[in-house]
Structures are given as C-alpha cells and as structure tokens.
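Here the structure is laid out as structure tokens; the discussion comes afterwards.
Proteins get letters first, then strands, A, B, ... in listed order; numbering begins at 1 in each.
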Protein chains: 2
Amino acid sequence: MRLEQITIKDIARELNVSTSTVSRALKDYPGISDETKRKVKELAEKMDYRPNAIALSLRKSRSFTIGVIIPEVVHFFFSTVISGIEEVAFARGYNVILTQTNEKLVREKSSIATMLSNQIDGVLVSFSKETTDFEHFSNLLAKGFPIVFFDRVPDIDNAITVTVDDYSGAFEATKHLLQQGYRRIAHLSGPSNLKISQERARGYTDALIHHGFTPDPGFIVECNKGTDDEAQKITAEILETFSTKPDAFFANNDMAAVGAMLACKAAGLRVPEDVGIVGFSNWQFCSMIDPSLSSVSQPGFNLGAKATEILLDLIEKKIQLGEYSNSVVLETELLIRKSSVR
Amino acid sequence: MRLEQITIKDIARELNVSTSTVSRALKDYPGISDETKRKVKELAEKMDYRPNAIALSLRKSRSFTIGVIIPEVVHFFFSTVISGIEEVAFARGYNVILTQTNEKLVREKSSIATMLSNQIDGVLVSFSKETTDFEHFSNLLAKGFPIVFFDRVPDIDNAITVTVDDYSGAFEATKHLLQQGYRRIAHLSGPSNLKISQERARGYTDALIHHGFTPDPGFIVECNKGTDDEAQKITAEILETFSTKPDAFFANNDMAAVGAMLACKAAGLRVPEDVGIVGFSNWQFCSMIDPSLSSVSQPGFNLGAKATEILLDLIEKKIQLGEYSNSVVLETELLIRKSSVR
DNA sequence: TTGTATGCGTTATCAG
DNA sequence: CTGATAACGCATACAA
C-alpha cells in the first residue's frame, strides 16, 4: 500500500480523544457516550477510514484468510470448485489465497509454507498427481491446524475429506453400458496413486462382477495425463493390438472420453452403434460434441462450497475435529446422452 | 493460526542473544560474527522457524500480495488468465488473492474494499458486465495505487491496460468468411458497454467495408449472456424472421457460436456448406465438436502473465506510471477449422 | 465515560 | 559485533 491510509490515530488526533476511544466507538462498545460515538463514526465515514486488516491479523493472530491449493486452475471441474469456495468464503468474510501446484509436489510444499507464513486460518487442499506421502500435511494436522481435503484426498486417519461418490458414479456408468448391451467394456483409468482413480476403477470392476461378468485386468488401461491426445493414442493402440476388441470405453475423465471417441471414429467405428462411450465430470462440451457424450456429473460448485463451510466451521470452532463426520461424500449423477445409447 | 509459531524471540531466548541479533543473523547482515550467524541459523532450521509475513507486512507497509478481480472463474478464458497470473506472481514471491464478482458491480466494489483493507500491493482487474462508471477505480489510480486492467478495460486516461487484439481478430475472422464466399455475415455481439464487444463489432464492420460491402446494422445482434442457449434462441429467431437470411455467423464468443451452430442444424442448414460459423476465444471444445469450430484464439495465459509482470514492475517501482506504454495489446490468431471452410 | 500502557512479530535506528 | 528501543495499526486490561 503506497496509499496513505487513514488510521484511528488520525481520527483521534482530529477529535482530541485517545485512540482507544476511537477504537471502541467504532465497534459500538458499551461505555462510550452516544455523542462521542456519533462524532467518531461521522468523521471516520468522512475520512473514508478503513481498518487495517494486517494490523488486525497481527493483533488477533487470525487473518480471516484461507488458502486453496489446487493442481490446476485451467480445468473445468476445478474452476467450478474454486467458484464454490470463493462464494462461501466471501459470504462469511474470508479472503481466498489461491495457488496452483501444476501437479508438482515441490510447489505443493512451498505453497503451503508461504501460506502458513502468511498466517492463513486454514487450508483447502487437492493433491498433485505427484503427491504420494502426506507428511507435509499430516504434521500440520497433528498440531490441530484446520485442513479440509477435497476431491483428491489422502488416505490418512483424522483427515476431513469432501469428495464426490466416484465409486457409485463409475458403477452406474458401467452398469448403464452393460444394460445397453455392451459386453467388452474397457476402462481408461487415471493415475493409480490417486484415490479417485482407484475408486472409479473399483466401481467399474464391481459393476462388472455384480452383473455376472469377469473383469479382465488388461481392460483397465492407465491414462496418466488425462488429455484427449493421450487417450486417442492409447485407444488407437488398444483397437489395433488387443485380440479381444472392446466394444465400449468408460473413461476416467471427459477429455479422455473424447480422445477415445476420436480414435474410434478414426478406426471406422460408429459411436454409439459399434462402440459405447461414457466419460466422467460432465464438462461443458459434453452436450456440444457429436455424438453428445454421456458422462458422470460431479457437483463441483457444491463440493467447493461444502468443503469451505466445514473448514470455516472448524476455524471458528463451531465444530470440533472429529465431531464432524470425517468424510463427506457428494452424490454424482449419470447423464445419459447419445454416445452410449443404442 | 492456532499453530504456535516459532518467533525470533524464541530463538533469541534460547541462544541468550537479543532479537535484533537474531533478525540480523538470519538476513546475513554485515556486522554479525560468523559464529553467531551459524548458531542462529542452525537453531532456526532446527526449530522450523518461519517468519511471520503478517508482522512483516505491518512493518513494511507491503504485503507482497496482489488482488485479482475477475467476473467469473468458471470460464475457460479467465481460468487461463488466472493461471498466467498465478504463475508469474508465484515466481516473483507474491501471493494472489482472488475474488469473482459474478458480474455484479456491488461485489466488484466490496471486493476492492476488502482487498485494500488487506493492504494488497496492487490489483489486476477485469470489469463486471454491470460496470459502467469507473469511479471506484479512478479514485485509486489518482492516488497512485497500482492497478492494471486486463481484457475488460475502462476507457479512461492513464489506466494501464492489457488486452488482446479484439479488433484485428474480428477483422480477420470476418475477412476469412468473406474469402470463403459467405456474403451475408451476421454478428452475434456481446454486451455493448464492454470495450471488447465494441472492438469486435468494429473489426467485423470494418472488414465488411474494407472488402466493399455495406454493413447492415440489423445484422449485429446482441447476445448479452453469451450462453449457447441464448444464442441458439436468438439465431433461431433470426433465421425465422429476417427477410434476408444470413449465410454466416461471426460470434462474439465460442458458446454463442455453438448455439448458432445448433440452431442452424435444427433449421436444416448444413454447416459449413449452407452456413459458415466462426467463434471467439478458442475454448477447448472447438476442436471436439462436429464440425470443428473455427475460432479466434486469445492468449489467456500470456495476457495474465504480462499483466502481472507490469503490475509487479509498477509495485516494485521498476517502472513508473506513464513510462510504460499504457496499453499493451497481445496478438490474436484465427484458427481455421471446418465450420467455416467450403 | 475516557485515557494509558502493553503487546502481536519484525526490523530500523541509535547506542554501546 | 551486539543490545535496547521504538514503531507499524489495532485492541484491550487496567487506571482514573
């Protein structure tokens, strides 16, 4: 701030009272004459006084700021989550400091360090793909620092997590493909160290078993990057090399699903007649492509909002660690479009 | 922070030296014995000392935090901009406080107020659609507070702005449609109070004139919300009611372009054979829809990065207001895909 | 009803 | 080479 901010000192001097009087008057403390209150408030208004939040933070050891650590901003799902976070934080008077890790563990670590140095009151975290040990967070947790994990969460005790129901989303998607008569369903999975990937794969596998089919481990193919290009290449390879060709693809995310769709088309296969495809996330473009893409929709905004509410409740001690159900799971919904109906 | 943070006091007590010595030792100030330096640093490391950024801010009247005010996070273009901002800010040791206005002027005003109260060192702003007067910012500018406007910028003197070349992007898009033989090109424009909308409309009009055609004002139709639904409705109406039917649509944004495409298809028109379509922004889905959508690509990441660099240079007085070219304009690029080639 | 003094964590200034 | 002190802006315990 090179802005010459007005302080309570300025007001005090002007009015020939002490700074404590000004401070109390502004906050409607009892034991200040109405006359003084009026004068102080009037002048404060007139001088456009704004309390210095930094000084307040130092005094109260509270910054009214929460940190958000996210793998990538440019990602439809995460941007909806951020939107939900920002909405709730703003409504409850908190600032949001944002950093993206670009999927790098080092950045995750340095981000949390800077944020702590900035005295954030709590933090919302979604892991990078590189993160496999959680020491940098479990240390904080052990000290009672408020952390809420969302979407990509660690598998440690006592961690409060907010996720979507990946398992049932995947289960429903696979079940839907089976019901449409697809029999050789391949799964384009995500990085296997992420719990969401594991859960989605598990939902896929269980749906097969539940309907009397024997899952073939070879039909789960990992797409690490999750881009359409990658999935396109991998799908093309599958279609070429597998002795038993898949007749459907359930992808871990929509980009991968699009990649699979493009590869199928390129191989002369018709979607949905020859090959069924279902994605995950319900990105905006699902309804815009041809054929429109069936997808499991995740409530990103609600997820962000819910995670923030829990975090703020924790910070304000409205709830205690452990009092809350440790893991909140939000419903997913399968949106059936053309790519999987025949 | 309910974290019991280690302070220089703790280190000083432990080592039986004064806090000033610790402070100086940690910063490698001259005039401290190597022995003391070593001991202090060692202990600091061991105790996991982290400087309190809040106290520093208060002391230095600098927070090393910049604010970002943006209409909407859930918007591909803006999310790329945020990514660019975050990247540069992080690299130069700044925090990013983010708020979205949801296109509301009141939130824009209250956001800037909170941020100032939090002693941000500067702010990056893209206006809400409701913003028509700029007093809440020009006041600050007049006081020399560092502000850089991006994408949606005000039309006031002395404001530093970073934008993309909307005019030439629109010009090229329209020219391309003309070259492809489309003759009755309609323009689905954005809110007319936004400069970007005006510039794109101007580029469209000028391209027509430049190629010897007379622009028909009735062929510029405002799509305020910029959603595909809205554009779909409006396009359907145009196709029904206009006596001279357009044979091409140049849309202010990609969502609107998709809406137009859907409406055309619904009306039994073939794209690109009967109707050509070009969008603006080059969202991810452009290459995924059928036919793939030609679009003017905007360098969102670079825009965010550039704006942040200028802002930080301004804050750090590496440049003076006025020394920099007041308006930086980044190149756009027309990406020709199938929707506009026949 | 109001004022004085103190401290939040840090660093700059001045002394020693 | 090191220490004591004041100050950043504010809130509050204690005095008056």
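Going from atom CD1 of Ile32(B) over to atom C1' of dC1(D) covers 7 Å, rounded to whole Å. Following rounding to the nearest Å, Leu58(A) (CG) and dT10(C) (P) show an atom-to-atom distance of 9 Å. Atom-to-atom, CZ of Arg62(A) to P of dC10(D) comes out at 18 Å; the value is rounded to the nearest Å. Rounded to an integer number of Å, the gap from CG of Asp28(B) to C1' of dC1(D) is 15 Å. For Arg13(B) and dT10(C), the CZ to P distance is 12 Å, given to the nearest whole Å. The interatomic distance linking Asn118(B) (CG) with dG9(D) (C1') rounds to 14 Å, in whole Å. Between Leu26(A) atom CG and dC10(D) atom P there is a gap of 9 Å when expressed in whole angstrom units. Atom CD1 of Ile54(B) is separated from atom C1' of dC10(D) by 13 Å (rounded to the nearest Å).
Among the heavy atoms of the strands lying under 4.0 Å from Thr36(A) are primed sugar atoms or P, OP1, OP2 only; no base atom is included.
The side chain to side chain contact (heavy atoms under 4.5 Å, CB included) test with Pro71(B) singles out one residue from Glu130(B), Arg152(B), Glu108(B), Lys104(B), and that residue is Arg152(B). Of the residues listed (Glu72(A), Gln100(A), His75(A)), the one engaging Ser83(B) in a side-chain hydrogen bond (donor to acceptor under 3.5 Å, both in side chains) is Gln100(A), and it is the only one. Residue Val162(A) forms a side chain to side chain contact (heavy atoms under 4.5 Å, CB included) with just one option from Asn302(A), Val328(A), Val329(A), and that option is Val328(A). Applying the salt bridge (charged side-chain N to carboxylate O under 4.0 Å, His left out) test between Glu42(A) and each of Lys46(A), Lys39(A), Arg38(A) identifies Arg38(A) as the sole match.
A distance-only check finds a donor-acceptor pair linking the side chain of Asp121(A) to the backbone of Ser63(A) [under 3.5 Å].
Bending across the helix from dT1(C)-dA16(D) to dG16(C)-dC1(D), expressed as the angle between its end axes from five pairs apiece, amounts to 60° (10° rounding).
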Just do the side-chain contact (heavy atoms from CB on, under 4.5 Å) check on Ile70(B) and Phe150(B) with the steps written out, would you? CA-CA 9 Å; Ile70(B) 218 160; Phe150(B) 65 93; 4.1 Å; yes
Mark up nucleotides 11-16 of chain D, 5' to 3', with B wherever a protein heavy atom is under 4.0 angstrom from a base atom, S wherever such an atom reaches only the sugar-phosphate, and - elsewhere. BBB---
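If you check the side chains of Thr101(A) and Ser128(A), you find no donor sitting under 3.5 Å from an acceptor.
For an aromatic pair to be called close, the ring centres must be under 6.0 Å apart, and Phe149(A) with Phe127(A) satisfies this.
Between Lys37(B) and dC1(D) there is no side-chain N or O to OP1 or OP2 distance below 4.0 Å. Of the side-chain N and O atoms in Thr7(A), none sit less than 4.0 angstrom from OP1 or OP2 of dG9(D).
Residue pairs meeting the ring pair (Phe, Tyr, Trp, His ring centres under 6.0 Å) criterion with at least one member in residues 29-69 of chain B, sequence neighbours excluded: Phe64(B)-Tyr94(B).
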